[in-house]
Amino acid sequence: MAILKVARMGHPVLRQKCETIDPDTITGPEVQRLIRDMFETMVEYNGVGLAAPQVHQPVRLLIAGGEVDDEGRTRYRILINPEITVQDENDRLGMYEGCLSLPGMRGWVERPASITVTAWNEKGEKLDFALEGFPAVVVQHECDHLEGILYVDRIEDTTKFAYEEEAERFLDMAGHDMEEDEEPAG
Ligand code: ZN
């Protein structure tokens with residue numbers, strides 16, 4: 001396993017549309033190694049999610065957390081070639097998002113609160129599931145990376161874009177529905 005270097009905003013790999021992964025290659029060594037390395041990298045940098053272009057691999061693969069199981073453990077989903085369908089464009093959820101590619105920054109973004117997702121998982125199985133609330137936001141943030149979109153592109157009010165320390169001091173970080181110790185960086 002290896003901790004990978006995370007691309008920061010300005011690197012062109014974050015701005016390109018990522019390539020589809022052939023589902024037949026998912027269980028092969030190359031994709032499996034990328035998944036393991038991305039997981040280790042995400043944990044090392046305390047991310048709630050990570051997309052492959054953030055580790056300089058412009059392919060449609062992401063890891064998304066934000067879900068907690070019945071025993072209070074975070075559940076991570078590995079999603080390959082994900083496709084999102086928004087349930088209700090008018091039902092929106094706003095929060096201060098962060099991103100490992102913009103370290104130390106926070107910005108207010110509003111997104112649809114409930115989605116359905118189709119994707120392949122790390123075993124090469126086809127998934128079809130619904131998400132709402134914070135986990136839905138995380139998956140949308142990571143899917144944006146696969147299109148070369150960063151959360152800053154979705155900030156409508158740039159007075160709500162700040163360094164983390166100032167955001168905590170001066171902005172209403174409590175105005176979202178996340179747990180205080182959660183680290184919304186992906
Ligand atoms: Zn991100």
Side-chain angles (χ1 to χ4, degrees), residues 2-21 34-67 74-84 86 92-113 115 117 119 122 131 133-158 160-168 171 173 176-179 181-186:
I3 292 165
L4 305 173
K5 188 175 181 199
V6 176
R8 298 202 304 180
M9 185 170 67
H11 195 295
V13 74
L14 294 172
R15 290 309 197 171
Q16 68 190 85
K17 189 170 159 64
C18 295
E19 295 288 329
T20 299
I21 292 176
L34 177 58
I35 291 168
R36 284 197 304 274
D37 289 348
M38 280 177 59
F39 198 85
E40 197 179 19
T41 303
M42 182 187 69
V43 169
E44 171 73 14
Y45 294 107
N46 206 18
V48 75
L50 189 69
Q54 292 182 277
V55 293
H56 306 84
Q57 299 294 322
V59 296
R60 303 184 82 78
L61 191 164
L62 63 85
I63 306 174
E67 285 177 88
T74 300
R75 174 181 180 179
Y76 292 97
R77 292 182 190 264
I78 290 147
L79 303 178
I80 296 159
N81 305 336
E83 305 272 0
I84 288 176
V86 172
R92 295 177 86 79
L93 175 61
M95 66 180 63
Y96 279 96
E97 294 189 17
C99 183
L100 297 182
S101 296
L102 287 86
M105 303 298 293
R106 287 283 183 269
W108 181 265
V109 176
E110 294 178 7
R111 298 180 188 269
I115 57 173
V117 183
E122 72 280 12
L131 286 177
F134 183 55
V137 168
V138 175
V139 167
Q140 289 176 82
H141 174 118
E142 302 308 335
C143 282
D144 271 355
H145 278 299
L146 307 184
E147 301 298 325
I149 297 167
L150 298 174
Y151 79 83
V152 291
D153 305 337
R154 298 195 182 277
I155 298 172
E156 287 179 8
D157 178 357
T158 51
K160 293 181 176 177
F161 181 44
Y163 290 99
E164 198 165 41
E165 201 183 317
E166 281 74 9
E168 275 165 16
L171 300 175
M173 293 284 280
H176 57 76
D177 73 349
M178 292 167 44
E179 299 298 321
D181 59 352
E182 236 164 348
E183 181 69 22

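First listed ligand is number 1; within each ligand, the first listed atom is number 1. All of these numbers come straight from a predicted model, not from anything done at the bench.
A salt bridge between Arg77 and Glu67 is present, with a side-chain N of the basic residue lying under 4.0 Å from a carboxylate O of the acidic one. Salt-bridge check for Arg60 with Glu142: failed, with every basic side-chain N at 4.0 Å or more from each acidic carboxylate O. Using a cutoff of 4.0 Å between basic side-chain nitrogens and carboxylate oxygens, Glu168 and Arg106 are not scored as salt-bridged.
The number of heavy atoms from other shown groups lying within 6.0 Å of CD (Glu19) does not exceed 12.
Counting heavy atoms from C-beta outward, Phe161 and Leu102 have side chains that approach closer than 4.5 Å.
Here the Zn ion (ligand 1) has protein N, O or S atoms under 2.8 Å from it, and they come to 4.
Distance alone, capped at 3.5 Å, places no donor-acceptor pair between the Thr74 side chain and the Gly65 backbone.
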